[in-house]
Amino acid sequence: MKATAEILALGQILALCRGHDEVLNDVLYDLSRRRLDTQALEHPGKEDRRLLDQFA
């Protein structure tokens, strides 16, 4: 079966989505291990800002 341009493009998109999925799962895991209360969200540290930015 010959791969068409559309099939190749879909394969690249799928790989990109899988990469985003992996990163989001890592971020959700990291966030679940942190205490993010009102105080932490009003004055987030560097790591919390990084995680929240990645999640957003």
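The first residue in the sequence is number 1, and the count goes up from there. The structure displayed is predicted, hence computed values, not measured ones.
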Start with the C-alpha gap between Leu31 and Leu52, add the side-chain angles, then the distance that decides, and say whether side-chain contact (heavy atoms from CB on, under 4.5 Å) holds. CA-CA 8 Å; Leu31 284 173; Leu52 292 169; 4.2 Å; yes
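Among all heavy-atom pairs drawn from Leu24 and Gln54, the shortest one is CD2-O, 4.2 Å. Arg35 and Ala40 make their closest contact through O-CB, 3.8 Å (heavy atoms, listed as atom of the first residue, atom of the second, distance).
Looking at Asn25, its side chain does come within 3.5 Å of a backbone N or O of Asp21 through a donor-acceptor pair.
Here Asp48 contributes atom CG and Asp53 contributes atom CG; the two are 12.0 Å apart, rounded to the nearest 0.5 Å. Expressed to the nearest 0.5 Å, how far CD of Gln39 lies from CG of Asp37 amounts to 7.0 Å. Within the model, atoms NZ of Lys46 and CG of Leu51 stand 12.5 Å from one another, a figure rounded to the nearest 0.5 Å. Rounded to the nearest 0.5 Å, atoms CD1 (Ile7) and CD (Gln12) are 12.0 Å apart. Atom CG of Leu28 is separated from atom CZ of Arg33 by 14.0 Å, given to the nearest 0.5 angstrom.
Leu41 and Phe55 fall within the same hydrophobic cluster, defined by Ile, Leu, Val, Met, Phe, Trp and Tyr side-chain heavy atoms under 4.5 Å apart, directly or through other members.
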